[in-house]
2 protein chains.
Amino acid sequence: MTTRTEPRPAKLTRKGEQTRMRIVTAAAQLMFDNGVAGTTMEDVKEAAQASSSQLYHYFADKQALVLAVIAYQDETVVGGQEPMLARLDSIEGLRAWCGFLVQHQRDLECRGGCPIGSLGGELAETDPKARVAVSGAFQRWESGIRGGLHAMHERGELAADPEDLALTILAALQGGLLLTQIHRDVRPLEVTLKAMIDHVAAHTAQP
Amino acid sequence: MTTRTEPRPAKLTRKGEQTRMRIVTAAAQLMFDNGVAGTTMEDVKEAAQASSSQLYHYFADKQALVLAVIAYQDETVVGGQEPMLARLDSIEGLRAWCGFLVQHQRDLECRGGCPIGSLGGELAETDPKARVAVSGAFQRWESGIRGGLHAMHERGELAADPEDLALTILAALQGGLLLTQIHRDVRPLEVTLKAMIDHVAAHTAQP
DNA sequence: ATAAAAATGGATTGTCCAATCCAAAAACGG
DNA sequence: CCGTTTTTGGATTGGACAATCCATTTTTAT
């Protein structure tokens, strides 16, 4: 449906699109590394090699930029993961997904947590629009997870409600990521996801 | 063990202790409602009915106040929950705990998330000391949960590793709270905790 | 009771930072 | 090509906010 509450300022040249993208990606990286409050417009300016005029030409204010960053992370994190999510229709698929997530955290040295969840936690109580945007991203993510489980259920391999299960898995993932970030140790994520797989497996049988 | 990295400025009068406490509780409430970045020292001043001198007499800077707030939430949230955690040695105990947490979120209209987890998420990448403090609070929480599970395990009622299980339950709780906060709906917390109880129950048998 | 220590009042300072403004250059469209 | 729109440069402003300072009052301890 893609209902747009705040339509973009209309026309964007190719060059404009590039500049806008440079700003958003720079901001996304900075906000992932240092949080929203820890990222100033000046930081973004420098990292994106842009001027004040450019920043405020493409974004009305910092909040607008934050919303663009959320949309970007939605696309990058959730969208970029959808091919893999499509394969979550078997225990092996779940295991592979889990392994990928754990390894990714290892590569990051457990820094940053979830790009979506962190933004959500920081903004939920201060920026209603941001909260709603993050809510949408989570819905999409949950729906991706649900897809595979639903397929298993249809095939008669899964004797549990795919709806509840998908929500549980996403929650466990978020909690695991948070604990992993706080403790700087992949074990929480690893153990939690493994438990989720076992939980799914407990309701699984070959048809 | 209570190892104190930064000892308090030594002597505190009874009145001083009161003032300090007024400041910490006011700051804790504000930071729960609006986040750390959304809480200014002036906000705290006003809410605590204190002056600048008082704030900076008891706390070297904002970061020191934040650390005090984390310690306070550790004591309040985790410590205040320990009596209930001690009863987590049966499925009924788990269910009661779960019911309490869900009802509490309902009372709060799903606002604020976890007082510890939210602080952790916001500060993890910008304040190393805060990250470590939150890490400690989570350890304590996890250990509380582990207690009951360990008792069940000793009694031969639980055929799973209490260590991993406690960590998983805490992660699920944190993730459930985050999703509940973001979606402004208790369902994620409810469903996720229920799944955890089922997961424990699946490894449970009367001896 | 009195000297020392602690607590408080409240104005002030200096910095950081979001946001604005006035042009000027570049790209687009007919 | 030429008028219009879009993009860019960069200096500036105004406010918010953390933190400091000096003086005064209150409490403690002997």
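In what follows, every chain begins at residue 1, and chains take the letters A, B, ... in the order their sequences are listed. Excluded from the calculations below are hydrogen atoms, water molecules and symmetry mates; all remaining heavy atoms, backbone and side chain alike, are included.
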Distances under 3.5 Å between protein N/O atoms and the N/O atoms of nucleotides 1-4 of chain C, please, pair by pair.
none

Fill in the blank from the handout: Any stem touching DNA chain C, meaning at least three consecutive Watson-Crick or G-U pairs under 3.5 Å, ordered by first number, would be C:1-30 with D:1-30
Handout entry: With A:D164 via side chain to side chain donor-acceptor pair (under 3.5 Å) - residues at least two apart
Key = B:R187
Exercise for the section: Would you list the pairs meeting ring pair (Phe, Tyr, Trp, His ring centres under 6.0 Å) in which at least one residue belongs to residues 173-200 of chain A, sequence neighbours left out? Expected result: A:H199-A:H203, A:H199-B:H199
Exercise for the section: Indicate whether OP1 or OP2 belonging to D:dT7 is found under 4.0 Å from a side-chain N or O atom of A:Q54. Expected result: no
Completion exercise
In whole angstroms, the gap separating P of C:dA18 from CG of A:L65 amounts to 10 Å
Problem - Length of the CG-C1' vector between B:L55 and D:dC17, whole Å - result: 12 Å
Problem - Non-hydrogen side-chain atoms of A:E163 and A:R146 separated by less than 4.5 Å - result: yes
Problem - Those residues that, when tested against B:S52, pass side chain to side chain donor-acceptor pair (under 3.5 Å) (two or more places apart) - result: B:K45
Practice task
Measure the distance from CD on A:Q18 to C1' on D:dT6 and round it to the nearest whole Å.
Solution key: 14 Å
Practice task
Mark up nucleotides 19-30 of chain C, 5' to 3', with B wherever a protein heavy atom is under 4.0 angstrom from a base atom, S wherever such an atom reaches only the sugar-phosphate, and - elsewhere.
Solution key: BB-----SSS--
Practice task
Using the test side chain to side chain donor-acceptor pair (under 3.5 Å), find all partners of B:R106 that sit at least two apart in sequence or belong to another chain.
Solution key: B:Q103
Handout entry: salt bridge (charged side-chain N to carboxylate O under 4.0 Å, His left out) against B:E46, all qualifying residues, sequence neighbours excluded
Key = none
Problem - Nearest-neighbour nucleotide for the B:T40 side chain, D:dC17, D:dT8, C:dG10 considered - result: D:dC17
Handout entry: Heavy-atom side-chain proximity of A:L189 to A:L173 below 4.5 angstrom
Key = yes
Problem - Interatomic distance, B:H57 NE2 vs D:dT24 C1' [rounded to whole Å] - result: 14 Å
Problem - Nucleotide D:dG10, atom P - distance to CD of A:E42 in whole Å - result: 14 Å
Fill in the blank from the handout: In short, salt bridge (charged side-chain N to carboxylate O under 4.0 Å, His left out) pairs touching residues 116-128 of chain B with sequence neighbours left out are A:R184-B:E125
Fill in the blank from the handout: In whole angstroms, the gap separating P of C:dA5 from CG of B:L12 amounts to 16 Å
Only pairs under 3.5 Å count here: list side-chain donor-acceptor contacts from residues 75-85 of chain B, not counting sequence neighbours, and write none if there are none.
residue : atom : partner : partner atom : Å
B:E75   : OE1  : B:R140  : NH1          : 3.3
B:E75   : OE2  : B:R140  : NH2          : 3.4
B:T76   : OG1  : B:Y72   : O            : 2.8
B:Q81   : OE1  : B:W97   : NE1          : 2.8
B:Q81   : NE2  : B:V77   : O            : 3.4
B:E82   : OE1  : B:R140  : NH2          : 3.4
B:E82   : OE2  : B:R140  : NE           : 3.1

Exercise for the section: Only counting residues at least two apart or in another chain, list the ones meeting side chain to side chain donor-acceptor pair (under 3.5 Å) with B:R111. Expected result: none
Completion exercise
Atom OH of B:Y58 and atom P of C:dG9 are separated, to the nearest Å, by 10 Å
Which donor-acceptor pairs under 3.5 Å do side chains of residues 23-43 of chain B form with protein atoms, sequence neighbours excluded?
residue : atom : partner : partner atom : Å
B:T25   : OG1  : B:M21   : O            : 3.0
B:T25   : OG1  : B:R22   : O            : 3.1
B:Q29   : NE2  : B:D33   : OD1          : 3.3
B:Q29   : NE2  : B:D33   : OD2          : 3.2
B:T39   : OG1  : B:L30   : O            : 3.3
B:T39   : OG1  : B:G35   : O            : 2.7
B:T40   : OG1  : B:E42   : N            : 3.3
B:T40   : OG1  : B:D43   : N            : 2.9
B:T40   : OG1  : B:D43   : OD1          : 3.3
B:T40   : OG1  : B:D43   : OD2          : 3.2
B:D43   : OD2  : B:T40   : N            : 3.1

